[in-house]
Enquirer: 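Input: one structure, supplied below.
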Amino acid sequence: MQPSSILCRAQEARQNALAAGSDLANVRTVATFAAAAWAKEATYAEKREERMRKRAAGQAIDVNPPARQDHHPDRDFAAMR
């Protein structure tokens with residue numbers, strides 16, 4: 001399962017708040033790196049969601065898909081011989 005951009009941004013904000021509220025340097029460092037990782041993942045998720053929206057919009061436009069053709073013209077010529 002891939003995280004949504006909303007989840008990623010929420011986790012990024014949580015890590016930034018943790019970094020801002022900590023008195024310990026190592027906690028601030030780890031939380032800052034974690035926030036950066038969540039921001040990067042949110043960017044990937046936003047791109048992925050945009051691709052999904054575009055794909056869904058493209059499929060919604062094609063209301064009448066072409067009829068399936070099981071007919072093979074070459075087989076007709078073979079039957080005539």
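The residues of the chain are indexed from 1 along the displayed sequence. Everything quoted here is computed from the prediction, not taken from an experiment.
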Enquirer: Would you please name every residue forming a side chain to side chain contact (heavy atoms under 4.5 Å, CB included) with K47, sequence neighbours left out?
Expert: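 For K47 the side chain to side chain contact (heavy atoms under 4.5 Å, CB included) partners, ignoring immediate neighbours, are T43, R51.
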Enquirer: List the atom pairs, with distances to 0.1 Å, where a side-chain N or O of residues 3-11 and a protein N or O form a donor-acceptor pair under 3.5 Å, not counting sequence neighbours.
Expert:
from: S4; atom 1: OG; to: L7; atom 2: N; distance (Å): 3.2
from: S5; atom 1: OG; to: E49; atom 2: OE1; distance (Å): 2.8
from: R9; atom 1: NE; to: E46; atom 2: OE2; distance (Å): 3.3
from: R9; atom 1: NH1; to: E12; atom 2: OE1; distance (Å): 3.0
from: R9; atom 1: NH2; to: E46; atom 2: OE1; distance (Å): 3.4
from: R9; atom 1: NH2; to: E46; atom 2: OE2; distance (Å): 3.2

Enquirer: With a cut-off of 6.0 Å (strictly less than), are more than 12 heavy atoms of other residues, nucleotides or ligands near CZ of R48?
Expert: yes
Enquirer: Who are the side chain to side chain contact (heavy atoms under 4.5 Å, CB included) partners of S22, not counting sequence neighbours?
Expert: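 S22: side chain to side chain contact (heavy atoms under 4.5 Å, CB included) contacts with L24, V27, R28.
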